[in-house]
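Worksheet: one structure, shown below.
We count ligands from 1, going down the list as the structure has it; atoms in each ligand are counted the same way. Just the heavy atoms: all of them, side chains too, but no hydrogens, waters or symmetry mates, feed the values below. Keep in mind the model is a prediction, meaning the values are calculated, not measured.
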Amino acid sequence: MNVSDSEVIFAILAKAGYERTEDMAAADVILANTCSIRDNAEQRIWSRLELFAAQKKRRPEVLVGIVGCMAERLKEKLLDSRKVDIVAGPDAYRSLPALLEAAAPDNPQINVLLSREETYGDIMPLRTDRGGVSAFISIMRGCNNVCSYCVVPYTRGAERSRDPETILAEARDVYERGYKEVTLLGQNVDSYFWKSAAGNTDFADLLESVARIAPDLRVRYATSHPKDISDKLIETMGRYANICRCIHLPVQSGSDVMLEKMRRRYTREWYLDRVRKIREVMPDCAITTDVIAGFCGETEQDHQDTLGIMREVGYDYAYMFAYSERPGTLAARNYPDDIPPEVKNRRLTEIIDLQNELSLESNTRDVGKTFEVLVEGPSKRDPSDLCGRNSQNKMCVFPAPGDTDIRPGTYVTVRILSCTSATLLGELV
Ligand code: SF4
């Protein structure tokens, strides 16, 4: 999501005459696009601000800006730190050229107004990836769910969907420029909805329209909410081979008591029913998830329920974190963060260990199979190997043929010969 936002910011600033540089020592303006989802993400930004302060000491005319969720959450507090000249929330990117124009080291500028309409739908993002293979397309902004632990509804505002015509135009544009994969992004894509005189468009309709642009354009999306993922969406995925067989379905906990407290608005049974439906329509679909260890009041039994659902689903991959209380959220206001750090960490370790086993089991089941792999480029570990992802979003590594040049963005068929818990290792067929 932040990559996609940064690309919108680059487009807005390029139109105002700014040029992008990654060389901080050459920059007149240093912007940090921030995330507030966990405390350590914010701590990293505070450390970066020290780095930026060193630049300002050498070159006092340099302007430093914090944009995105941390700007929205901390507002004037960032200016009070005296390390920042510009603060712009996620709905204020269009005002960045004006803020930069007005800002001076002794005249900081701030815009943290949230909007009910802003989607940046008319802005063609300036792509920052170097490979030119895979592009992110934002289809909506904000979230109306208010999960009790989550800061997003406060930092990114109310949910709003982007005009499907602008999304399709952006997807066609990247395809024409040689990209072979698009990922449609939203906090809760299942609640995407657009009403127009021509009729209503829900997420399944949108996904289908993007998939029909070209059979060799892969389509991914993130993130589904288990309470909202519909049979229509799952069945639409099943009808198109170019809609990737991978669903990120954050479970967060396997305990109904915790799910209720987290305000996730589904039960363990409901979640497992959605998994059954996915497997019925797409037996080869990877399912990945998010898990929080040590949420407020979590008992050993709740934790065991989380390990249990992980085993039952057999996740292919998971993002796993210890609960980090975020100021201002429902959980921070209503429940004590009462699980001692050593217990949280022990539970997180058990969750990570289990997921490593599950990932290895999942990859081991793929040994002997062949997959269509979209080549991303040389492998980081050994540049004589190539790497790319299959439809299930698993990284596949295989030796590059000596006689042919396989460019990033090419589809190849790979037979899997062995694996680790993170990677499938194979050979070209
Ligand atoms: S669905 Fe819940 S966890 Fe996801 S962004 Fe919205 S409030 Fe946060």
Side-chain angles (χ1 to χ4, degrees), residues 1-5 33-42 68-73 89-91 114-116 118-119 136 138-162 183-193 202-203 220-230 233 247-268 270-271 274 287-296 298 306 309 315 317-335 337 351:
M1 198 71 81
N2 268 14
V3 173
S4 165
D5 269 23
N33 191 6
T34 58
C35 168
S36 282
I37 203 117
R38 269 170 284 280
D39 184 51
N40 61 6
E42 288 195 358
C69 289
M70 191 171 161
E72 195 63 49
R73 199 181 82 74
D91 290 343
L114 285 174
S115 157
R116 290 200 160 264
E118 181 63 273
T119 62
F136 294 114
S138 176
I139 64 163
M140 59 201 298
R141 297 183 74 81
C143 184
N144 286 350
N145 280 316
V146 199
C147 299
S148 65
Y149 53 83
C150 183
V151 77
V152 166
Y154 309 99
T155 59
R156 298 186 78 88
E159 182 183 284
R160 60 233 108 113
S161 296
R162 180 177 166 193
T183 303
L184 307 180
L185 294 176
Q187 303 290 350
N188 177 11
V189 291
D190 304 290
S191 56
Y192 175 89
F193 190 74
D202 65 14
F203 182 59
R220 299 188 186 277
Y221 66 85
T223 297
S224 261
H225 195 303
K227 78 177 165 58
D228 294 323
I229 186 169
S230 64
L233 174 62
I247 298 181
H248 187 64
L249 202 62
V251 67
Q252 310 297 7
S253 170
S255 151
D256 281 342
V257 180
M258 289 296 103
L259 289 172
E260 168 91 33
K261 248 181 159 173
M262 289 174 171
R263 228 173 153 271
R264 291 291 288 171
R265 293 185 281 172
Y266 53 83
T267 60
R268 177 190 177 97
W270 172 275
Y271 185 95
R274 296 293 73 203
I287 300 178
T288 63
T289 201
D290 297 339
V291 182
I292 297 173
F295 187 60
C296 313
E298 186 188 70
T306 297
I309 202 168
Y315 292 110
Y317 185 81
Y319 297 92
M320 301 155 284
F321 301 99
Y323 172 60
S324 155
E325 185 180 273
R326 308 309 293 127
T329 56
L330 284 178
R333 280 182 271 142
N334 295 318
Y335 309 125
D337 180 10
I351 287 168

Closest non-hydrogen protein atom to atom 3 (S) of ligand 1, residue and atom name please, with distance? Tyr149 OH, 3.5 Å

Does the Thr267 side chain pair with the main chain of Asp256, one donor and one acceptor, at a distance under 3.5 Å? no

Out of curiosity, Arg162 CZ to Ser138 OG, how far, rounded to the nearest 0.5 Å? 6.5 Å

Can you tell me if Arg264 contacts ligand 1 (heavy atom of the residue under 4.0 Å from the ligand)? yes

Test log, rule side-chain hydrogen bond (donor to acceptor under 3.5 Å, both in side chains), inputs Tyr149 and Gln252: CA-CA 11 Å; Tyr149 53 83; Gln252 310 297 7; 3.2 Å; yes

All heavy atoms of Pro90 vs all of Cys69, minimum pair found to be CG-N, 4.2 Å

Interatomic distance, Arg156 atom CZ to Arg141 atom CZ [nearest 0.5 angstrom]: 5.0 Å

I need the protein N, O or S atoms closer than 2.8 Å to atom 6 (Fe) of ligand 1, given as residue plus atom name. Cys143 SG

Students often mix this up, so state it plainly: with edges at 30° and 60°, are the rings of Tyr271 and Tyr266 parallel, tilted or perpendicular? tilted

State which residues pass side-chain contact (heavy atoms from CB on, under 4.5 Å) with Tyr317; sequence neighbours excluded, sorted by chain then number. Thr288, Tyr319

